Number of protein chains: 2
Amino acid sequence: MKFAAVDVRQAASAADIVYEALRRAIIEGDLAEGENLRQEEIAQMFNVSRIPVREALSRLEQHGLITTQRYKGAVVAGLSIEEIEEIFQFRALIEAEVMRLAVPNLDRATLERAQAYRDAFDRETDPHRWGEINRMFHYSLYEASHRPYYLQNVRASLDRIDRYLRAQLSFTDGVPRAGREHEAILAACEKGDAALASLLTRDHILDAGRSLVTFLRGQRG
Amino acid sequence: MKFAAVDVRQAASAADIVYEALRRAIIEGDLAEGENLRQEEIAQMFNVSRIPVREALSRLEQHGLITTQRYKGAVVAGLSIEEIEEIFQFRALIEAEVMRLAVPNLDRATLERAQAYRDAFDRETDPHRWGEINRMFHYSLYEASHRPYYLQNVRASLDRIDRYLRAQLSFTDGVPRAGREHEAILAACEKGDAALASLLTRDHILDAGRSLVTFLRGQRG
DNA sequence: CATAGAAATATTGGATCCAATATACAATCC
DNA sequence: GGATTGTATATTGGATCCAATATTTCTATG
């Protein structure tokens, strides 16, 4: 187990730090699906007692990232193909709507920020950074929707499937294809065409979902 | 503070029991918006230590039902009018989709169960039971969508605004209107018209949202 | 040697105690 | 009398200890 550095600026408590570190480790795939998470082990890694660890695990369970069983411990949750398909459908629905709501509020600075992320995504060669940059690209546009509750749900649903997306991006032509789709979405945004940007976002997500599912079917047999 | 009995069948731990009891108290409005929740006080009510209470509060915070501040404690979260509007929009979006996905799977037994809930809703005079029965009516149809992730999100978003809906149902013509709309939704379901059922569900939720917002504007000034 | 039962170990959930700090209130000074 | 400072209290977050039980290991027996 390895953990990334955590942004402690708004992590008031030890439980927050542990939660955020575990969350990142799970969504980035550093903790394998089905891997056992023992409270004592994690506590020693972070130099804290088991109390804040338990709080962090409890939160992760609420978000569906792990499952726990008394006396047996927690394991990183895996998703069935059906669950993955459902989450992609869900994302397509709400992110298309968020995009539609965002377009009228997009200003020059936001578009330029999104362009920068798109370029960074195309240039990036490290698979471990694709997910993060992809998120930043989409979030930078989504934020203009001024819909915090939607965005919270976008984040939660993305958290659940990010690990799988990463695998798919690494092993298929997902990156160049996503790059082209980002390009088209951004063009629609620049034209101020909310309906088109929304539709392209929906297709972008459904495409990635289909590609991932066929990839996983091959992998899982 | 009063708490309803908790279904302990799947509440393995004390933390689960406290969580479920507090959740219900909040969504049913028994705990007033802004009310202070002190760990020690809750612990004594449930005859447990503060540890499981803290875990329960942590989960509630993750779901947005309370907010906590170190050394100051937790308070029941209130929603601004804007936040309420956003959650209704969100519900309209996803519940309309769930309804659309459910209609092809509706069988006779399910429709009869939904009819029973619709009738019970119309007959019910206790405002405290409207919310629960309304939920049962909608859930009984939604479940046919076989989309657990969607349903989880339906539940989470409904949890956030149920307390306000309750007030609106009590003080406006919300109940008879909702009754008529339930009737129409059910008719569309019986005809197997997914598009119509979806549209009516969307309008049903947006109507309730608009009605609630005007009610709250009058109340809050 | 394989298997069944018993003891040892591992692991979680909860209780009690300690540390840190925000708030309330009283004492003091102008 | 009002403002300011200091202390006492309230309250949370975390550490340590205890209880309960699942898992593993060891031993005895056929």
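Proteins come first, then strands; the chains are lettered A, B, ... in the order of their sequence lines, and each starts at number 1. Predicted model, so just to flag it, every value in this text is computed and none were measured.
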**OP:** For residues 66-104 of chain A, pull every pair meeting ring-ring contact (aromatic ring centres under 6.0 Å, His included), keeping only residues two or more places apart or in separate chains.
**Re:** F90(A)-Y149(B), F90(A)-Y150(B)
**OP:** Kindly say whether R129(B) contributes a backbone atom to a donor-acceptor pair with the side chain of E132(B) at under 3.5 angstrom?
**Re:** no
Original post:
Going by heavy atoms in the side chains, are R135(A) and R155(A) under 4.5 Å from each other?
Top reply: yes
Subject >> Contact residues, residues 62-74 of chain A to DNA chain D [heavy atom, < 4.0 Å] >> reply: Y71(A), K72(A)
Original post:
If you walk 5' to 3' along DNA chain D, what is the first nucleotide with an atom under 4.0 Å of a heavy atom in chain A, and what is the last?
Top reply: dG13(D) to dT23(D)
Subject >> Atom pair distance, as rounded to whole Å: CZ in R38(B) and P in dT23(C) >> reply: 13 Å
**OP:** Verify, without hydrogens or angle tests, whether R23(A) (side chain) and L60(A) (backbone) share a donor-acceptor contact under 3.5 angstrom.
**Re:** no
**OP:** Heavy atoms only: give me the nearest A77(B)-G64(B) pair and the separation to one decimal.
**Re:** CB-O, 3.6 Å
**OP:** Check whether any side-chain heavy atom of R166(A) sits under 4.5 Å from a side-chain heavy atom of W130(A), and report yes or no.
**Re:** no
Original post:
Can a cation-pi geometry be assigned to R118(B) and F137(B), taking NZ or CZ under 6.0 Å from the six-membered ring centre and within 45° of the ring axis?
Top reply: no
Subject >> Main-chain N/O of L106(A) paired to T110(A) side chain as donor or acceptor, under 3.5 Å >> reply: no
**OP:** Assign each of R50(A) and R54(B) to its nearest nucleotide of DNA chain D by heavy atoms, then name whichever residue's nucleotide is nearer the 5' end.
**Re:** R54(B)
